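Below you'll find the structure, written out as structure tokens, and then a few comments.
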Protein chains: 2
Amino acid sequence: MESWSQRPGRLGRPRRLSREAILSSAERILTEEGAEHLSMRRLAKEMSSTPMALYYHVKDKDELLTLLLDARTERLPRAELPHEPRERLLAGARTLHGMLADCPWAVEAVTSEDHVSASALRLVESMIDAAVACGMSHEEAVYAYRVIWYYTIGELLVRLNRERARRKGEDTPWERAMLSLDPDAFPLLARLRDQWVELAAGDHHQRGLEAVVDGLLAQGAVCPGTAGHP
Amino acid sequence: MESWSQRPGRLGRPRRLSREAILSSAERILTEEGAEHLSMRRLAKEMSSTPMALYYHVKDKDELLTLLLDARTERLPRAELPHEPRERLLAGARTLHGMLADCPWAVEAVTSEDHVSASALRLVESMIDAAVACGMSHEEAVYAYRVIWYYTIGELLVRLNRERARRKGEDTPWERAMLSLDPDAFPLLARLRDQWVELAAGDHHQRGLEAVVDGLLAQGAVCPGTAGHP
DNA sequence: ACCTGAACACCGTTCAAGT
DNA sequence: ACCTGAACACCGTTCAAGT
């Protein structure tokens, strides 16, 4: 709405900057260059404007990030959720993970700034609901959600750093350490080198997620029918 | 050794700077003010020196962090490890978690820079060894370690941000969101407010850790004797 | 209403020069 | 051997001023 003209009906020079334009430029930098390259000064240069002009349209960098994050989550497809509660819990966690895996810059924003949007709340609500449907008490369900969240965010962060190192053509310090191990001091790790590298490369979020969820369900162990697994 | 005199036997004006002095000043800033306040310039001022003088003693900020982290892990008490493999795995994870919980600045260093020290390797080796003793294959053991690590680092990061917000007298965005929920849109979350706040405040790492470990053991399900839990 | 310039208070790091 | 000053290339943000 009126992104090129100040008042409807009145033609005029389009505004050079607008919230929308700023947001989409910022998103471009984030996805193409990563969160570490988004700065107000850089963004202004990108738009051939000045850093201070941005401050007319957004309060500060934090607000900018929040707006970007909200726009992202709002665009989330409202996935079909399975009926079986354990499956529903898993699906919720997968959606959460998938969304953030597609959008690495958001991982840091979400962990360090800890922003919240309504769509995120919807997802959390549905996961806790599923946990309750699995037979958990309210307290257990909230706790289960938290454990799943810790696992998810941890996996994403490690993944993010791996990809950053990759982009710079480096190895992760862990990879370096594994490659130059003293086999006398660390006989087991030395023998596991290949598994380590292989596991680091693959995507095992789903597999670990099932272990976490089933561990949580077994801990409650109130609903033997749904807590079981093949 | 020779922290105040350049050459043994030769008395003289003590060097104003030294690696040790730099490291301990840096550690003071980190523990008392947090990682976000440690900068080369700030550190130099603290020691009534100049930023550039530091660069004679350490290569760059990254090396400084690595040295600090190594010093920390080297000081780790070599804990007595239980014999029972599941307990040993749990004990390893607890040690890892406890060490980082005591040392919040290291959490960020460890996740974002991903440093590795020999003591950390020892701990990882012993955890993987315990996992194998639980009946896991090498591949499963490495994978189990990773899942535990993700969970641990995720818990620590969320905790860190909570404490940072506390120190600034703020609420976490999640706490704010929970307090201003629309009960019609999120009926379950609205009812769970109290559990949420309570769980966020307490330390439930151990409880979640057991769920994660038992979930992993059940997934392997090769060693029924050790995979069970009371 | 929208944008600019200059300024403030920061970063990490390099490099030639001093003692 | 150890340290300094000046400089480079960055940050986020404020504030008074311009059109």
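Worth saying up front: this structure is predicted, and the values here are computed from it rather than measured. Computed over heavy atoms, backbone and side chain alike; hydrogens, waters and symmetry mates excluded. Every chain is numbered from 1, with letters handed out A, B, ... down the list of sequences.
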Atom pairs under 3.5 Å: protein N/O with N/O of nucleotides 7-9 of chain C:
none

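- Under the side chain to side chain donor-acceptor pair (under 3.5 Å) criterion, Tyr143(A) pairs with Gln219(A), not counting sequence neighbours.
- Taking the side chain as every heavy atom from C-beta outward, Leu23(A) and Leu64(A) approach each other to under 4.5 Å.
- With dA1(C), dT13(D), dG12(C) as the choices, the nucleotide that has an atom nearest any side-chain atom of Asp60(A) turns out to be dT13(D).
- Considering only side-chain atoms of Leu17(A), the nucleotide from dG12(D), dC11(D), dC3(C) that sits closest is dC3(C).
- For Arg72(B), the side chain to side chain donor-acceptor pair (under 3.5 Å) criterion is met by no residue, not counting sequence neighbours.
- Under the salt bridge (charged side-chain N to carboxylate O under 4.0 Å, His left out) criterion, Asp102(B) pairs with no residue, sequence neighbours left out.
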Residues Arg19(A), Leu67(A); criterion side-chain contact (heavy atoms from CB on, under 4.5 Å); working and verdict: CA-CA 10 Å; Arg19(A) 242 183 202 216; Leu67(A) 288 169; 3.6 Å; yes

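- When the P atom of dG12(D) is taken as reference, atom CD of Glu36(B) falls 17 Å away, rounded to whole Å.
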Test log, rule side-chain contact (heavy atoms from CB on, under 4.5 Å), inputs Tyr150(B) and His205(A): CA-CA 10 Å; Tyr150(B) 297 153; His205(A) 174 257; over 6 Å; no

Nucleotide-level pairing of DNA chain C, given in dot-bracket where Watson-Crick and G-U pairs need both distances under 3.5 Å and | marks other strands: ||.|||||...|||||.||

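- Rounded to an integer number of Å, the gap from CG of Leu38(A) to P of dC10(D) is 15 Å.
- For DNA chain C, the residues of residues 43-50 of chain A within the heavy-atom distance limit of 4.0 Å (strictly under) are Ser49(A), Thr50(A), sorted by number.
- Residue pairs meeting the ring pair (Phe, Tyr, Trp, His ring centres under 6.0 Å) criterion with at least one member in residues 60-79 of chain B: none, sequence neighbours excluded.
- Judged as a salt bridge (charged side-chain N to carboxylate O under 4.0 Å, His left out), and not counting sequence neighbours, the contacts of Arg164(A) are Glu36(A), Glu108(A).
- A search for side chain to side chain contact (heavy atoms under 4.5 Å, CB included) contacts involving Asp194(A) returns nothing, not counting sequence neighbours.
- For the pair Met40(B) CE and dT13(C) P, the computed distance is 6 Å after rounding to whole Å.
- Arg75(B) pairs by the salt bridge (charged side-chain N to carboxylate O under 4.0 Å, His left out) definition with Glu27(B), not counting sequence neighbours.
- Here dC11(D) presents its C1' atom at 16 Å from CG of Asp62(A), a figure rounded to the nearest Å.
- At the phosphate of dC3(D), neither OP1 nor OP2 sits under 4.0 Å from any side-chain N or O atom of Tyr56(B).
- Closest to the Tyr55(B) side chain, of the nucleotides dT14(C), dT14(D), dC11(D), is dT14(C).
- For Ser24(B), the side chain to side chain contact (heavy atoms under 4.5 Å, CB included) test picks out no residue, with sequence neighbours left out.
- Listed nucleotides dC3(C), dT13(C), dT13(D) differ in distance to His57(A); the shortest reach to its side chain belongs to dC3(C).
- Distance from the side chain of Ala53(B) is smallest to dC3(D) among dG12(D), dC3(D), dG12(C).
- Rounded to a whole Å, the NZ atom of Lys61(B) is 15 Å from the P atom of dC10(C).
- Applying the side chain to side chain donor-acceptor pair (under 3.5 Å) test to Asp203(B) and every residue at least two apart in sequence or in another chain returns Arg159(B).
- For the P atoms, the distance linking dA9(D) with dC10(C) amounts to 22 Å, nearest Å.
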